[in-house]
There are 2 protein chains.
Amino acid sequence: MRIKDIAKLAGVSPATVSRVMNNNGYVKEEKREAVLKVIKEVDYQPNPIAQSLKNQKSHMLGVIVPKISTETASRVVAGVTEVAKVHGYQVLIANTDLDIEEEINYLKFLSNKSVDGIIMMGTEVTDRHLAVMDKLAVPIVILGQEVKGYTSIIHNDYDASFSMTEYLIKQHHREIAFIGVDEKDEAVGVVRKKAYLDCLNKYAVKVDSKLMAIGDFDIDTGYQMMQQILTHKTPTAVFAVTDHLAIGAIHALLDAGLRVPDDVSVVGIGDIKLAAYLNPPLTTVHYTFKTSGKMAAEAVFELMEDDTKQGKRFMTTFELKTRASVKAI
Amino acid sequence: MRIKDIAKLAGVSPATVSRVMNNNGYVKEEKREAVLKVIKEVDYQPNPIAQSLKNQKSHMLGVIVPKISTETASRVVAGVTEVAKVHGYQVLIANTDLDIEEEINYLKFLSNKSVDGIIMMGTEVTDRHLAVMDKLAVPIVILGQEVKGYTSIIHNDYDASFSMTEYLIKQHHREIAFIGVDEKDEAVGVVRKKAYLDCLNKYAVKVDSKLMAIGDFDIDTGYQMMQQILTHKTPTAVFAVTDHLAIGAIHALLDAGLRVPDDVSVVGIGDIKLAAYLNPPLTTVHYTFKTSGKMAAEAVFELMEDDTKQGKRFMTTFELKTRASVKAI
DNA sequence: GAAATAACTGAAATCGATTTCACAATTATA
DNA sequence: TATAATTGTGAAATCGATTTCAGTTATTTC
């Protein structure tokens, strides 16, 4: 069913049908009714692609995620879709599986007028990213990393990490192991580590490089890094920069015959859904990923209205969730 | 940059540029090179919306999910996007938040030529769904429920649930509580329960309705249902139809002062990522959700080629993951 | 009652690509 | 060499909507 067909059935021109559908321009009441009747009868829905072409709006938002099958990503997407729906927008997902090449390809592809705005969940933002981003035809918002010149939604990684370290120190821990990730990820790899170090310094706790390990993002890595640390020394507490790393660490500790938290306390960051249901329930930092997704979407819509608002920086809140995985000394 | 501009720069007509881009029709070698040179220089990418309109193909797949921020959904989407990428397709996500009205709206909207195929993760499939599905202009595949006449990817819920029950019986459990969900969800609510009952019957274990409870899908429900069952009787084992329900049940048991698995064994279905890291590690059924997503996508592409293949029924495999949450009597 | 304004309508142009069609220039075949 | 077949090209139609433009009819205003 095309607009032409509706026009014929209603005995008017396509222009009139369009005017009725979009409620603009003059249409005599009886013709309007005739058109609406036909539309209802045949359940006519205009071809969105043709509309996109003519209106130069696709009513779609692109979301670039590093890995869709993670709790963080899916929560962000949930937030984005929620706001998108309010604006009558659809969400197009681009899953890069952590491949930078893919990320850049998607940036190009999506910008090419197939979406009206882009939200990129950043891990590593390279110069090549920036080169492409500078030429983008549509607004973009970066989520999770701070990129100057671009609107970014960032989690308060510094304060969160600092507070967590401080919390452990206030529980009288002094031998606090650190399990981090590669520095290519600015927010997680660099900022969270810096906050940890700064906090130790503030409280004059000496930094022991033997208690620090850097690896990937998965549970297994947490396990291995913990084992590695244990070969040198047994800390009284472990600060893992993600909950998954913390879970791996806990299991390594248990397998080494240590009790958590009685022998070693463990904390993470992220507050995955099951954190409270682990044994012991995990002390962690709650981030509002869904809210971040919403904020990102709202920022994109704002940029679509007025692209001079580029470059804003939004920081989301966090909350320390103290649970049983930490025991004071 | 439009095709016209490229044509002008290369000193040819838009038709020739199109012929070069799509590698069809005759083009003299020198003109082809001239065109390619210009395309490369200005990094021209054709407007996908205009192409969609002309070609009547959007190169997009629609996925309707009940809740994007669940592990199941995100794994399915990961599988779908993987296959989609191979075919040069993008994935459009429609998140219905379990709202049937939304589901039907999305079916209509997506079918309307804005995607070339639809994958619907079904929970409840009503007559209203069917009415809309019958009129769909594009192929659709249902994932997770069996709908006759439509290609469905189903998990072997019956056998999985039966095997799990059988496993408990073989561990000499006879008082096996059941925590299920509403029957509106055919696969989870009806089939899994039927298999449980059939298995009890097969082994002449008497069914005790006091040991059965029906609720929602979340951890809290599992907790409450377990508490409710405990007011009547303490079973030796609990069969929850999802891992989340099992986790809720475990916590209710622990809070009631019972030990898992020493006093009560608990099993779930789904094998969420953290199932092996819970305490105790959860005995459950591993479903290959990502594979289901891939199969669904492949089935959709097959239907796009040849719509007579409609109505196939694919069953995915499962694997019993026996972990420490079950103890033989 | 004439002039000015408002209400209404459809033909045609447009969005940016693809493809048909008609025709021209080569090359192959008889 | 004449004819047929192949190669090569651009103008124009097309996809399905929206919008401008020009023209008609109805309503005010003086």
Side-chain angles (χ1 to χ4, degrees), chain A residues 1-36 38-39 42-60 88 90 108-116 137-138, chain B residues 1-36 38-39 42-60 88 90 108-116 137-138:
Chain A
M1 268 295 166
R2 310 184 307 280
I3 196 170
K4 251 168 101 176
D5 304 315
I6 304 299
K8 196 160 289 174
L9 286 172
V12 297
S13 74
T16 299
V17 176
S18 174
R19 278 189 272 260
V20 171
M21 302 271 319
N22 298 292
N23 225 343
N24 85 36
Y26 295 111
V27 178
K28 198 177 264 177
E29 195 50 33
E30 57 192 87
K31 298 215 175 189
R32 155 169 278 112
E33 272 160 21
V35 169
L36 287 175
V38 173
I39 288 175
V42 305
D43 194 18
Y44 168 70
Q45 295 197 247
N47 181 319
I49 294 174
Q51 288 181 313
S52 295
L53 180 59
K54 180 66 206 182
N55 299 335
Q56 302 288 7
K57 282 238 162 193
S58 65
H59 287 267
M60 288 198 291
Q90 294 287 313
K108 282 194 196 172
F109 173 82
L110 291 178
S111 84
N112 205 39
K113 292 284 175 198
S114 49
V115 299
D116 299 340
V138 299
Chain B
M1 270 294 167
R2 310 184 307 280
I3 197 171
K4 251 168 99 177
D5 304 316
I6 304 299
K8 197 160 288 175
L9 287 171
V12 298
S13 75
T16 299
V17 177
S18 173
R19 280 189 272 260
V20 171
M21 301 271 321
N22 298 292
N23 226 341
N24 81 35
Y26 295 111
V27 178
K28 198 178 265 178
E29 195 49 33
E30 57 192 86
K31 297 217 176 188
R32 156 169 277 112
E33 272 160 22
V35 170
L36 287 174
V38 174
I39 288 174
V42 305
D43 193 18
Y44 168 69
Q45 296 197 246
N47 181 320
I49 293 174
Q51 289 182 312
S52 295
L53 181 58
K54 180 66 208 185
N55 299 334
Q56 303 288 13
K57 281 238 163 197
S58 65
H59 286 266
M60 287 198 292
Q90 294 288 311
K108 282 193 196 172
F109 173 82
L110 291 178
S111 85
N112 207 40
K113 293 282 174 197
S114 48
V115 299
D116 300 340
V138 298

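Throughout, protein chains are lettered first and strands after them, A, B, ... in sequence-line order, and every chain is numbered starting at 1.
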Pick the closest DNA chain C nucleotide for A:Thr16 and for B:Tyr44 by heavy atoms, then say which residue is nearer the 5' end. A:Thr16
Of A:Asp43, A:Leu9, A:Val38, the one forming a side chain to side chain contact (heavy atoms under 4.5 Å, CB included) with A:Met1 is A:Leu9
What closest approach, in Å, do A:Met60 and A:Ser114 show between heavy atoms, and which atom pair accounts for it? CE-O, 3.4 Å
Quick check: closest heavy atoms across A:Asp116 and A:Val138, and the distance to 0.1 Å? O-CB, 3.7 Å
Which pair of non-hydrogen atoms, one from A:Ile3 and one from A:Ser18, has the smallest distance, and what is that distance? CD1-N, 3.8 Å
Which part of the nucleic acid, if any, lies within reach of A:Ser18 when heavy atoms closer than 4.0 Å are counted: base, sugar-phosphate only, or nothing? base
Near DNA chain D, under 4.0 Å by heavy atom, which residues of residues 26-36 of chain B? B:Tyr26, B:Val27, B:Lys28, B:Lys31
Please walk me through it: do A:Lys8 and A:Val17 pass side chain to side chain contact (heavy atoms under 4.5 Å, CB included)? CA-CA 10 Å; A:Lys8 196 160 289 174; A:Val17 176; over 6 Å; no
Between B:Arg19 and B:Ala50, which has a closest nucleotide on DNA chain D that is more 5'? B:Arg19
A:Val35 vs A:Arg32, test: side chain to side chain contact (heavy atoms under 4.5 Å, CB included). Steps then yes/no. CA-CA 5 Å; A:Val35 169; A:Arg32 155 169 278 112; 5.9 Å; no
Could you state the interatomic distance from CE (A:Met21) to CG (A:Leu36), rounded to the nearest 0.5 Å? 9.0 Å
Test A:Asp5 against A:Arg2 for salt bridge (charged side-chain N to carboxylate O under 4.0 Å, His left out), laying out the working first. CA-CA 5 Å; A:Asp5 304 315; A:Arg2 310 184 307 280; 3.6 Å; yes
Applying a 4.0 Å non-hydrogen cut-off, can you work out what B:Val12 is touching in the nucleic acid: base, sugar-phosphate, or nothing? sugar-phosphate
What distance separates B:Arg19 CZ from B:Ser13 OG, expressed to the nearest 0.5 Å? 6.0 Å
DNA chain D: first to last nucleotide in contact with chain B (atom under 4.0 angstrom from a heavy atom), 5' to 3', is D:dT7 to D:dG16
To the nearest 10 degrees, the angle between the two end axes of the helix from C:dG1-D:dC30 to C:dA30-D:dT1 (five pairs per end) comes to 40°
Looking at A:Pro48, is its backbone amide N or carbonyl O close enough to the side chain of A:Ser52 to form a donor-acceptor pair, meaning the two atoms are under 3.5 Å apart? yes
